[in-house]
Participant: 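Could you have a look at this structure, given as structure tokens, before my questions?
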Amino acid sequence: MSKDYIVIHPCNIFSQGKADENFEIVDMYDLPNIELSSYKCMVILGFVDQEFLQEKKQIIADFLASKKIVCFFGNLVTDWLPGQQAFIAKDIRNHWDYDISIAKQHVIFDGVKEEEMTINKGVKGFFARGHHPAPADAEILLTLPEGEPVTFIDRSSTNGTIFMHAGNNLFTIGGMIPSTLKTTSRIPAQLMQWVQEEYKYLAEERINRCVK
Amino acid sequence: MRKIAVMYSGSSQHWRTYKTSEFARYIDQLIPVRQLEEANLEAFDVLIIPSQTHTGLLDQNIQKIYDFANTGKVVVTFGPQHRDWLPMHKWEFRPTNFWWWLEPNADSGLRLLETTHDLFKNYITLEDATWHQHGVYWPSEGCEVLVSTNDGGAVLYIDRVNTNGVWVNTTLDPDYHFGSYFMPATERFLRGFLPWLKKGQI
């Protein structure tokens with residue numbers, strides 16, 4: 001069965017664990033050797049070697065140029081993702097500084113409670129501890145208290161779509177296992193649903209452009 | 001002053017901790033993990049194996065790390081390891097309690113066994129080494145356990161007996177946490193631990 005998602009995996013301990021069957025997991029250092037044309041979405045996890053990705057940035061740019069989706073989870077520190085700016089950590093002065101707000105209702109976070117993203121067993125900060133400045137036309141989904149975009153969708157920097165989340169991966173790919181008792185457990189399936197819709201949208205847009 | 005090299009993964013966590021933060025000045029060379037196999041380590045006195053390293057590339061370089069240690073040098077390992085590869089490695093996994101400090105009469109469970117050791121006498125306190133652990137080591141006889149859990153499992157120990165070099169092994173992962181902007185104690189730990197590696201009595 002062909003898989004829709006390719007996961008650029010850092011192969012560190014904290015990223016190990018069970019992944020959804022739709023994900024093809026590859027060692028990040030194998031990226032230059034992989035035929036990417038069959039994948040709809042490239043998932044890049046937060047422990048990846050970003051100096052290596054900077055060397056191979058053209059591969060990612062080409063993937064996006066072919067109307068595909070890239071989802072990045074983590075803190076961007078080098079220049080490998082088109083149109084994106086470096087991570088800015090939140091300066092913590094108050095106990096609410098890590099509070100997450102839903103900036104816009106969206107299928108990915110439908111039915112997910114803000115406080116359940118913000119708080120994990122009474123502790124804040126697991127979800128995101130900073131942000132990436134968003135491109136002007138980005139669709140901002142989640143923010144920190146001063147409006148900093150934690151999670152956004154960028155359809156303007158490339159011909160494809162970039163999903164940026166300044167935190168842990170929101171799919172089910174190893175790492176900490178989300179509690180099934182919390183509304184945050186809805187996110188992985190809803191994110192996958194969005195990827196499918198977004199891929200269809202990108203494909204239809206391509207057809208429309210061809211017709212024009 | 002010892003010359004310190006780091007097996008560097010290029011992740012955002014390592015990028016912050018070892019390359020761009022206040023701690024970069026203690027590091028003489030970052031050796032990209034994918035280039036370690038060819039790297040010449042002769043000039044260095046200390047090799048840090050950070051937490052959250054690529055497990056496959058670590059496996060490929062284990063003999064090289066042992067060879068480095070066996071020339072009388074210092075190897076430092078942070079965090080839980082993906083498999084038993086340290087000298088006389090005896091690891092016991094324990095679920096991480098991120099929330100111990102919220103409990104009534106909170107006790108991290110950590111105990112400082114070597115109060116007169118240079119690291120704890122002149123560089124850091126037990127509180128600076130206190131956030132959470134991912135498990136414990138049960139080092140072989142002759143190893144020096146500096147910090148343990150209250151049931152005797154080693155959280156930070158020094159092994160001078162199983163190779164011709166010195167291994168400073170800890171289940172703590174301050175480099176990951178500092179690089180992730182998570183756990184303020186890790187900043188204090190690194191502010192003492194790295195100067196100690198540089199010029200302290202190991």
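For clarity, every value in this text was computed on a predicted model and none was experimentally measured. Proteins get letters first, then strands, A, B, ... in listed order; numbering begins at 1 in each.
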Participant: Report which part of B:Thr53 has an atom under 4.5 Å of a heavy atom belonging to chain A: side chain, backbone, both, or neither.
Facilitator: backbone

Participant: Enter the distance from A:Phe47:CZ to B:Ser180:OG here, rounded to the nearest 0.5 Å.
Facilitator: 5.5 Å

Participant: What heavy-atom pair brings A:Asp49 and B:Gly10 nearest, and what distance separates the two atoms?
Facilitator: OD1-CA, 3.4 Å

Participant: If I measure from the heavy atoms of chain B, does A:Gln16 come under 4.5 Å with its side chain, its backbone, both, or neither?
Facilitator: side chain

Participant: Working note: B:His54 + A:Asp27, criterion side chain to side chain contact (heavy atoms under 4.5 Å, CB included); need CA distance, chi angles, decisive distance, verdict.
Facilitator: CA-CA 9 Å; B:His54 187 288; A:Asp27 185 327; 2.8 Å; yes

Participant: Under 30°, 30 to 60°, or over 60°: which ring-plane class applies to A:Phe87 and B:Tyr181, parallel, tilted or perpendicular?
Facilitator: tilted

Participant: Would you please say whether a donor-acceptor pair under 3.5 Å links the side chains of A:Asn12 and B:His82?
Facilitator: no

Participant: Crowded around A:Lys124 NZ? As in, over 12 foreign heavy atoms under 6.0 Å?
Facilitator: yes

Participant: How long is the span from the CD1 atom in A:Ile13 to the CD atom in B:Gln81, to the nearest 0.5 Å?
Facilitator: 6.0 Å

Participant: Measure the spacing between CZ of B:Phe182 and CZ of A:Arg129 and express it to the nearest 0.5 Å.
Facilitator: 4.5 Å

Participant: Could you measure the distance from the CD atom of A:Glu51 to the OG atom of B:Ser12? Nearest 0.5 Å is fine.
Facilitator: 11.0 Å

Participant: To the nearest 0.5 angstrom, please state how far the CG atom of B:Asp59 sits from the SG atom of A:Cys11.
Facilitator: 11.0 Å

Participant: Relative to chain B, which of A:Ile92, A:Val48, A:Leu76 shows the most heavy atom pairs under 4.5 Å?
Facilitator: A:Val48

Participant: What part of B:Leu57 gets within 4.5 angstrom of chain A, counting heavy atoms only: side chain, backbone, both, or neither?
Facilitator: side chain

Participant: Please flag which part of A:Tyr29 lies under 4.5 Å from any non-hydrogen atom of chain B: side chain, backbone, both or neither.
Facilitator: side chain

Participant: Which value, rounded to the nearest 0.5 Å, describes the distance between A:Phe14 atom CZ and B:Ser51 atom OG?
Facilitator: 7.0 Å

Participant: Which of residues 19-48 of chain B get closer than 4.5 angstrom to chain A, counting heavy atoms alone?
Facilitator: B:Lys19, B:Val33, B:Arg34

Participant: Examine whether an atom of B:Gln52 lies under 4.5 Å from a heavy atom of chain A, and if so say whether it belongs to the side chain, the backbone or both; otherwise answer neither.
Facilitator: both

